[in-house]
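Quick note on labels: first sequence line is chain A, next is B, and so on, each numbered from 1.
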2 protein chains.
Amino acid sequence: MGRPAERPVPTSADVARLAGVSRATVSYVLNNTSAVRISEPTRRKVREAAEELAYIPHAAARSLRAGHTRIVLLPTAHVPIGPLHSRFLNELQWALRRLDYTVVQYGSLGLDGDEAARAWAELRPVAVVSLGEIALTPHGVEILKRSGAKAVITLGPRRVEGAHALVMDQREIGNCAVDHLLERGRRRIGVVMPEEPGLELFSEPRLAGARAAAASSTGARVEPVPLSYTEESAGALAARWGGLDLDAVYAYNDEYAMLLMRALQDAGVDIPGDVAVLGADNLLLGKLLRPRLSTVRIDLVTGQRLAALVDRVVRDPGGEPERHDLMGALAVRRESS
Amino acid sequence: MGRPAERPVPTSADVARLAGVSRATVSYVLNNTSAVRISEPTRRKVREAAEELAYIPHAAARSLRAGHTRIVLLPTAHVPIGPLHSRFLNELQWALRRLDYTVVQYGSLGLDGDEAARAWAELRPVAVVSLGEIALTPHGVEILKRSGAKAVITLGPRRVEGAHALVMDQREIGNCAVDHLLERGRRRIGVVMPEEPGLELFSEPRLAGARAAAASSTGARVEPVPLSYTEESAGALAARWGGLDLDAVYAYNDEYAMLLMRALQDAGVDIPGDVAVLGADNLLLGKLLRPRLSTVRIDLVTGQRLAALVDRVVRDPGGEPERHDLMGALAVRRESS
DNA sequence: TTGAAAGCGCTACCAA
DNA sequence: TTGGTAGCGCTTTCAA
């Protein structure tokens, strides 16, 4: 076990040499090429030689020859988005692997849309599934398609020209939240805007949805309320709460909601008497608070379904860019609203 | 914008043709090869041709030629491990990208150690950083190194022969937790064991650490307590709590701790009077409960530091397989203990 | 049933 | 300063 890294990595030529056959034969045997019949003794010789050398094919060489890869590129978030999101991502990866794709996560720090697209294109992915954290431009989509991507799928708040769009419309959530609060008789509604960078892509559309919902109701008012995910920030907000004159707040998600609710309670605000509080994500932890936190349950598409869709588009790229709605939002009333 | 996918992807030969130069020159210009001086007009011609064709180099071809890749392979979890872990993962990816590595996450569902290693090796990664969720065998390490991996790094509870081990010893955490509880005068200590599959890799060593800590103190007793992450499970556990005869519980992490604490409170158990409750991870949410949740703060190595380490090992693979301890654990007392 | 050889896109050596 | 070209490891015709 001295320094095994010294001798060079065995190639199919090495296997051929050891087995006393040609490289072609090696390829046939190891890939079980059905169009060609190889005698059993030869097969065994090849297999044994491969085994002995611990031969492992070289994916890059293979796909260079093949002219295409099975890479699905997943640009990664710059910021952790939340438990829901990361569970979804895991599921998606898992399902794609099942379909024999190689999932490459690509963090695109500090690259703007087109630079990022170019970097991604170097890997010649057969598909790109953008979760929407990086702004993919129509031009970026064009770059990717030109480089051989069969499917470019955006899965986020924005719709991008040219891409197969699986729109996950965050406005839905804000809409649903405010609808619920209106139904509960509230009219002066705060909407928490997280100050953590990177979350605007989600919070802005949610706010827009909230506004849209309020617009349909006379006398309703929506007020954005900035908040960082710290106790200090929540405390400061609670301290000036009286001046805000709000009777309800949709707090972006359950985590921010829990934070804010505690701060309000500590400041003597009665919930839901003085203020209704609503989160989103339907976390288990929200049920542990008193009052139990009302929330918006978000039904994401399952990773499996999305993976199947990716596969379909890859196999038949001709289809028109489709637009699917992949998200449902449903208010779950508990005790805080 | 009819069907841009039709015409083939441009290669450096196309660029050369359009610019009226050789492929070599194209390569020199686009890579800024310093060993060769190219006249400014030629450079411009090449650049313009590349621009016009929207030329994008082919990463596989490049690395085939180069004889090595810059891929760092990150086998992914089968299960979501928790917020701390996923933040760490993000950070690591980010830092590796900074160092110009291509991060490939590879979900290894249903593959056993050696199959997985073989699959990974096909990509010829320059480094593999195993977070420990898949059992990497010494043989698997051998396979990877033979296929050209300069660094095989395990980052988990287990130590693997042949790999550069960055041990993240989970026992530390259980140890620290129980030490704290002993110090607070508790002797009959429950240790929550999550029933969710995949977490044993973390919970078992933590339990072992807890036992070790208790062993050093006369009269102390450690009792594993199974719990799923549901209200029902917590309720059932709380209902039979009296029979367990425990005066403290280390609840795996803050989320399980919050769940259990609420269930105990609802069952009329006084915290910390009757039972001290201790979590781990130092989540913000724990501070929102009453009593405030005591916790074990886990100081993970930063993704940045780990990335730097990967880079060092890649550049100098000769060094002995090192063993680093990358985790610190520190009890943070609030009000629940 | 097997082998010889072309060629995927790229870089780097050697010659001009 | 630039071009010709070999060759990275693999698959796949076409011949034998």
Of the candidates D:dG3, C:dA4, C:dG9, the side chain of B:Ala24 sits closest to D:dG3
How many Å lie between CZ on B:Arg17 and C1' on D:dT2, as a whole number? 18 Å
What's the separation between atom CG in B:Asp311 and atom CG in B:Leu306, rounded to the nearest 0.5 Å? 11.0 Å
Between C:dA4 and A:Ser22, is there an OP1 or OP2 to side-chain N/O distance shorter than 4.0 Å? no
For the side chain of A:Arg65, counting heavy atoms from C-beta on, which of D:dG3, D:dT12, C:dG3 is nearest? D:dT12
Are side-chain heavy atoms of B:Val128 and B:Trp120 found at a separation under 4.5 Å? yes
Whole angstroms only, please: what is the CZ-P distance between A:Arg124 and C:dG9? 9 Å
Within residues 31-55 of chain B, which residues have any heavy atom lying less than 4.0 Å from an atom of DNA chain D? B:Val36, B:Arg37, B:Ile38, B:Ser39, B:Thr42
For the pair made of CG in B:Leu64 and C1' in D:dC8, what is the distance, rounded to whole Å? 4 Å
CG of A:Asp14 versus P of D:dC8: gap in Å, rounded? 11 Å
With nearest nucleotide decided by heavy atoms, which residue, B:Tyr28 or B:Ala61, maps closer to the 5′ end of DNA chain D? B:Tyr28
Residues forming a salt bridge (Lys or Arg N to Asp or Glu O under 4.0 Å) with A:Arg43, sequence neighbours excluded: none
Answer yes or no: is there a side-chain heavy-atom contact under 4.5 Å between B:Val126 and B:His68? no
Let me spell it out: for each of B:Gly20 and A:Val9, pick the nucleotide of DNA chain D with the closest heavy atom. Which residue's pick is nearer the 5' end? B:Gly20
Nearest whole Å is fine: how far is D:dT11 P from A:His58 NE2? 12 Å
Using a cut-off of strictly less than 4.0 Å, decide whether A:Thr11 has a side-chain nitrogen or oxygen near OP1 or OP2 of D:dG9. no
Do B:Glu122 and B:Arg118 sit within salt-bridge range, that is, some charged N less than 4.0 Å from a carboxylate O? no
Atom pair NE2 (B:His58) and CD1 (B:Ile56), whose distance is rounded to the nearest 0.5 Å: 11.5 Å
Would you give the length of the straight line joining atom CG of A:Asn90 to atom CD of B:Gln105, rounded to the nearest 0.5 angstrom? 8.0 Å
Nearest to the side chain of A:Ser27 - C:dT2, D:dT12, C:dC13? D:dT12
Report the distance from atom CG of A:Leu30 to atom C1' of D:dT12, rounded to the nearest whole Å. 15 Å
Under 4.0 Å from OP1 or OP2 of C:dG9: is there any side-chain N or O of B:Arg62 that close? no
